[in-house]
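The chain is numbered in sequence order, starting from 1.
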Amino acid sequence: MLRLDRILANARVGSRSEVKKLVKEKRVRVNGEIAKSSDMRVDENTAEIFVDDIPVTYEKYVYYMLNKPAGYISATEGKNCPTVLDLITEDYKGMFPCGRLDKDTEGLLMITNDGPLAHELLSPKKHVEKEYYVEHTLPLTEEDIAKIESGVTYNGVSYKPAVYKKISDTSCTLTIQEGKYHEIKFIFNSVGDKVVYLKRLRMKNLVLDETLKPGEYRPLTKEELEDLRSIAR
């Protein structure tokens, strides 16, 4: 037995607050009757649930797009620092960030409880692209850019070629496929430069929703999720 709002949120009907509004407006029916409250317990396997006369199917996994703010760590728990899960008001068990962003890095982060999908998306064999907006201290020379685009080594660690697109003398987008520890920061360090601001914009075809303010999140759309699943196959 699960709470009705959890079932509806899992089915990407809306966020918890949006679901509560739907129930309050008497737009949700459970087994033929108007739902009395969003926290009512429902058998997710047998209940017939309709929203505006459209049937709803319970889904085991949840998928959220979070616009991660600086100051939060990409972990399920932290001793002395808030984690990205502290930003999620839903109480689903087993949620975790799909991949990691540094504490001071902002932008796109998927939160889910689907371990198999996350494993596929993060597997080095899948070569899933990750695009970042980067602000750095010094203008890059053509030689610097050539090094970045051909792959660099820093402190004994090799980094695969990245795709560089200039925005200004001290800003660009950089697309990588690995996601090693501090990868972009170390890539810029390798050419004598320093990253001062970093924001992830895209993971493969999943693009950060710019209407989300830092700290805000929303469920993935059906189309976004299907695209991620096609990558994982």
Side-chain angles (χ1 to χ4, degrees), residues 1-69 72 74 76 83-99 106-121 128 200-233:
M1 301 284 284
L2 297 176
R3 287 171 52 124
L4 177 61
D5 51 6
R6 175 174 178 177
I7 293 173
L8 295 177
N10 273 39
R12 296 188 298 282
V13 171
S15 65
R16 282 287 180 94
S17 59
E18 290 170 336
V19 166
K20 288 180 180 179
K21 183 179 179 182
L22 288 173
V23 173
K24 188 176 182 179
E25 293 172 350
K26 298 182 179 182
R27 295 165 60 186
V28 181
R29 287 186 293 112
V30 179
N31 295 328
E33 298 184 1
I34 299 294
K36 296 180 179 180
S37 68
S38 61
D39 61 358
M40 66 182 290
R41 293 283 174 172
V42 175
D43 186 331
E44 71 276 13
N45 297 311
T46 62
E48 295 182 349
I49 303 172
F50 290 81
V51 176
D52 293 335
D53 295 323
I54 299 174
V56 173
T57 303
Y58 169 72
E59 296 187 16
K60 179 179 179 181
Y61 297 118
V62 292
Y63 310 86
Y64 295 114
M65 175 192 294
L66 169 70
N67 185 356
K68 178 191 172 297
Y72 289 78
S74 299
T76 55
T83 76
V84 291
L85 292 188
D86 292 329
L87 298 166
I88 309 297
T89 59
E90 280 71 18
D91 59 355
Y92 305 117
K93 294 181 180 180
M95 288 193 301
F96 57 90
C98 180
E106 301 180 0
L108 175 66
L109 188 64
M110 188 173 81
I111 307 293
T112 185
N113 58 353
D114 188 344
L117 178 61
H119 175 76
E120 290 296 317
L121 293 174
V128 175
R200 183 155 70 186
L201 305 176
R202 176 176 63 87
M203 182 171 70
K204 196 60 175 178
N205 297 326
L206 184 64
V207 178
L208 177 65
D209 185 340
E210 292 293 351
T211 66
L212 294 175
K213 298 177 182 178
E216 292 184 342
Y217 64 95
R218 66 162 174 78
L220 294 190
T221 66
K222 181 178 179 180
E223 292 74 19
E224 289 169 339
L225 181 56
E226 283 303 311
D227 185 70
L228 290 178
R229 285 173 171 164
S230 70
I231 296 167
R233 294 189 186 106

Task: Basic-acidic side-chain contact under 4.0 Å: Lys20, Asp39 - done: no
Task: Side-chain touch Leu22/Leu8, heavy atoms, less than 4.5 angstrom - done: no
Open item on the list: In the structure I gave you, are the side-chain heavy atoms of Leu4 and Ile49 within less than 4.5 Å of one another anywhere?
Closed with: yes
Open item on the list: Taking the side chain as everything from C-beta on, heavy atoms only, tell me whether Asp209 gets closer than 4.5 Å to Asn67.
Closed with: no
- [ ] With the side chain counted from C-beta on, respond yes when Arg41 and Arg3 share a heavy-atom pair under 4.5 Å apart, and no when they do not.
- [x] yes
Task: Shortest non-hydrogen contact from Thr76 toward Met95 - done: CG2-O, 3.7 Å
Task: Atom pair NZ/CG of Lys68 and Leu212 - distance to nearest 0.5 Å - done: 15.0 Å
Task: Ala35 to Val23 - nearest heavy-atom pair and separation - done: O-CG1, 3.7 Å
Open item on the list: Measuring from atom CG of Leu121 to atom CE of Met203, what distance do you get when rounded to the nearest 0.5 angstrom?
Closed with: 5.0 Å
- [ ] May I ask you to check whether over 12 heavy atoms, not counting those of Glu48, lie within 6.0 Å of atom CD?
- [x] no
- [ ] Flag the pair Ser17 / Thr89 as yes when at least one side-chain heavy-atom distance between them is below 4.5 Å, and no otherwise.
- [x] no
Open item on the list: Contact between Met110 and Leu228 at the side-chain level, heavy atoms closer than 4.5 Å - yes or no?
Closed with: yes
Task: Atom OH of Tyr72: over 12 foreign heavy atoms under 6.0 Å - done: no
Task: Gap separating the OG1 atom of Thr57 from the CD atom of Glu44, nearest 0.5 angstrom - done: 12.5 Å
Open item on the list: Are there over 12 heavy-atom neighbours, none belonging to Glu25, within less than 6.0 Å of that residue's CD?
Closed with: yes
Task: For the student: nearest non-hydrogen atoms of Pro116 and Tyr61, plus distance - done: CD-OH, 4.4 Å
Open item on the list: For the CG atom of Asn205 and the CG atom of Asp227, what is their distance to the nearest 0.5 Å?
Closed with: 4.0 Å
Open item on the list: Please report the interatomic distance CD(Glu216) to CE(Met65), rounded to the nearest 0.5 Å.
Closed with: 13.0 Å
Task: Passing candidate, side-chain hydrogen bond (donor to acceptor under 3.5 Å, both in side chains) with Tyr63, options Thr221, Thr112, Asp114 - done: Asp114
Task: Asp53 to Arg29 - nearest heavy-atom pair and separation - done: OD1-NH2, 2.9 Å
Task: Glu226 and Arg229 ion-paired at < 4.0 Å - done: yes
Task: Side chains of Leu206 and Leu220 in contact at under 4.5 Å (non-hydrogen atoms) - done: yes
Task: Residue pair Leu109 / Ser74: nearest heavy atoms and the distance that separates them - done: CD2-OG, 3.8 Å
- [ ] Would you check if Leu225 and Leu117 make a side-chain contact, meaning some heavy-atom pair closer than 4.5 Å?
- [x] yes
Task: From Ser38 atom OG to Lys21 atom NZ, the distance as rounded to the nearest 0.5 Å - done: 14.0 Å
TODO: Measure across Pro55 and Phe50 and return the closest heavy-atom pair with its distance rounded to 0.1 Å.
DONE: N-CD2, 3.5 Å
Open item on the list: Please check: side-chain N/O of Arg200 versus main-chain N/O of Leu108, any donor-acceptor pairing under 3.5 Å?
Closed with: yes
